[in-house]
Amino acid sequence: MGYSGFKVFLEGLRGNTGWKPVWRDPAPKAHYDVIIIGGGGHGLTTAYYLAKNHGITNVAVLERGYLGGGNVGRNTTIVRANYLLPGNSEFYSHSLKLWEGMEQELNYNTMMSQRGILNLAHSDGQMDAFARRGNQMRLQGDDAVLLDAQGVRDHASFLNFDSQRFPIRGGLLHGRGGTARHDAVAWGYARGADQFGVDLIQNCEVTGFKIEAGVVKGVETTRGSISAGKVGMAVAGRTSQVAAMAGLRLPVESHALQAFVSEGLKPVVPGVVTFGMGHFYVSQSDKGGLVFGGDLDFYNSYAARGNMPAMEHVMEAGMAMMPMLGNAKLLRGWGGIMDMSMDGSPIIDRTPVQNLYLNGGWCYGGFKATPASGWCYAHLLATDQPHPVASRFTLNRFETGQLLDEEGTGPRPNRH
Amino acid sequence: MRINCPLCGARDLREFSYLGDARLADRPAADASAQDWQDYVYLRDNPAGPHAELWQHAQGCRAWLRVRRNTVTHEILSVERTR
Ligand SMILES: Cc1cc2nc3c(=O)[nH]c(=O)nc-3n(C[C@H](O)[C@H](O)[C@H](O)COP(=O)(O)OP(=O)(O)OC[C@H]3O[C@@H](n4cnc5c(N)ncnc54)[C@H](O)[C@@H]3O)c2cc1C
Ligand SMILES: [Zn+2]
């Protein structure tokens, strides 16, 4: 089914009775060339690009719940390409370009809104660091503008410029960054993959692997056993759990991250504003809600909800950055499980088990990676070679020392 | 969440800071193999369920505690001092 303004208009007149389910609900077949575990953003884009870029269509995505019910539907939807380190920089740059063409590619409105991301700076040291980061982004071909305090005032006059602790000195503005509609991204790719013949199988939890002589032959699931030529994991917060079923122990810890949304308000926040020193960031959804969050809850967690201290801290930091926040009512809060890697960067690689592949360690930043993660993982699954822009996301970098520690905080997953 | 510090009694989560898996207390010997060090520094079991972990009562008596906690329910199962 194609979408058009005319179709929306017509359905409006017919009481929206003409819409049909946009993907099939198939039963699992006995064999697939490739099985992807996890029907989140990354699993769905991987299946889509396996079909689209590599012509591999005998593919199943196995999802234990419903498509898009994991982190892809729980995040704060920020999309950006403002990384410093080679290895991350080219990957997120590639991803942002895919975001820019996504709606045309999928014929689906993912509400990609490039309203800019402003990172606030409060000291000379931070201004220097942002100048360096901005230069790196521009060398990569992306955009960055270093603003002084007046520049920040012109962009977002409501901020607390004269805070005693963190007076605002300036900021780094990344104009092509912004937000997108998270669910629509999952649905758009699901529909695209289904149209290529990929089987999207929901309520199908992978409970074990069939491994013979070090080679994976398929998976055990709650809907029976399925054989496969290759198996790719893309299970985000559950990465350690699923990998453990194949006997792997990974450089990953699972942590809860919370987010919050206020009642709907008239437009007040331009794009995304981040207050790194206070661990707070905010944007405004198209419905008008202020969407904001902060740090992890700091301890290992598999509960998709958080605790009060982290919530309290986010509110305090928010009040410190934009005092007018105190006039808004909080509508709701939620949490998701983050697959925090030991250096804060992801893994897209083969594993010691032949034909079994790993995509994980996305930490709190895997939404913006969604299209490029699938693009590069599909490349790896199809060709057995890492894609050039994801070639440093190796599993053995923790052994060889080629870490990608963007924050420079060492092997402390809750500090990245 | 409250943690029952053996020295101070049940105290609010805000008073404690988290280090991670309790195995971090068992440092390999200086001449241990590179593989042992790689395991110690980077690899984690990361279980969904009971997890032995290290917390410090940073805003209290500053004792290091070995806590068993369920990572799915956040229930604290046991607390003892490390030595
Ligand atoms: C509160 C919050 C805010 C965030 N904000 C941002 C942001 O602003 N920008 C950004 O870039 N990123 C953000 N993130 C991170 C981002 O959401 C994740 O990194 C990303 O969504 C992870 O990839 P995914 O979409 O594939 O994961 P998921 O959607 O979690 O997909 C994994 C899927 O695997 C399934 N699964 C697990 N185990 C099994 C099994 N055994 N068998 C079958 N299926 C299984 C799960 O049910 C799940 O659907 C945020 C996350 C949270 C929680
Ligand atoms: Zn104490």
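Minimum interatomic distance between A:Ala310 and A:Gln258 (heavy atoms only, all atoms of both residues): CB-NE2, 3.5 Å. Of all heavy-atom pairs spanning A:Ser373 and A:Asn359, the tightest one is OG-ND2, 2.9 Å.
For chain B, the option among A:Pro309, A:Ala243, A:Ser240, A:Ala303 with the highest count of heavy-atom pairs below 4.5 Å is A:Pro309. Ranked by heavy-atom pairs shorter than 4.5 Å toward chain A, the options B:Glu53, B:His74, B:Gln35, B:His51 are led by B:His74. Interface remark: of the candidates A:Phe298, A:Tyr302, A:Phe398, A:Tyr302 forms the most heavy-atom pairs closer than 4.5 Å to chain B.
Only the backbone of B:Thr73 comes within contact range of chain A, with heavy atoms under 4.5 Å apart. For a residue to count as touching a neighbouring chain, one of its non-hydrogen atoms must lie under 4.5 Å from one of that chain's; by this rule B:Leu43 touches chain A with backbone and side chain alike. Only the side chain of A:Asn414 comes within contact range of chain B, judged by heavy atoms closer than 4.5 Å. Neither the backbone nor the side chain of B:Trp37 comes within contact range of chain A; no heavy atoms are under 4.5 Å apart. Interface residue A:Asn300: backbone and side-chain heavy atoms are both found under 4.5 Å from chain B. For A:Leu403, the part lying near chain B is the side chain, with the backbone staying farther off; criterion is any non-hydrogen pair under 4.5 Å. At a 4.5 Å heavy-atom cutoff, the contact between A:Arg305 and chain B is made by backbone and side-chain atoms alike. With a 4.5 angstrom heavy-atom cutoff, A:Glu253 touches chain B via backbone and side-chain atoms both.
For A:Thr222 (side chain) and A:Glu205 (main-chain N/O), a donor-acceptor pair under 3.5 Å exists by modelled atom type. Under a 3.5 Å cut-off, the side chain of A:Asp343 and the backbone N or O of A:Ser345 do form a donor-acceptor pair.
Ring to ring, A:Phe292 and A:Phe280 are close: their centroids are under 6.0 angstrom apart.
Within 6.0 Å of atom CZ in A:Arg249, more than 12 heavy atoms from other residues, nucleotides or ligands are found, so the atom counts as buried in its surroundings. More than 12 non-hydrogen atoms from other residues, nucleotides or ligands lie less than 6.0 angstrom from CZ of B:Arg14.
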side-chain hydrogen bond (donor to acceptor under 3.5 Å, both in side chains) for A:Asn71 and A:Tyr364? Distances and angles first, verdict last. CA-CA 9 Å; A:Asn71 290 333; A:Tyr364 46 76; over 6 Å; no
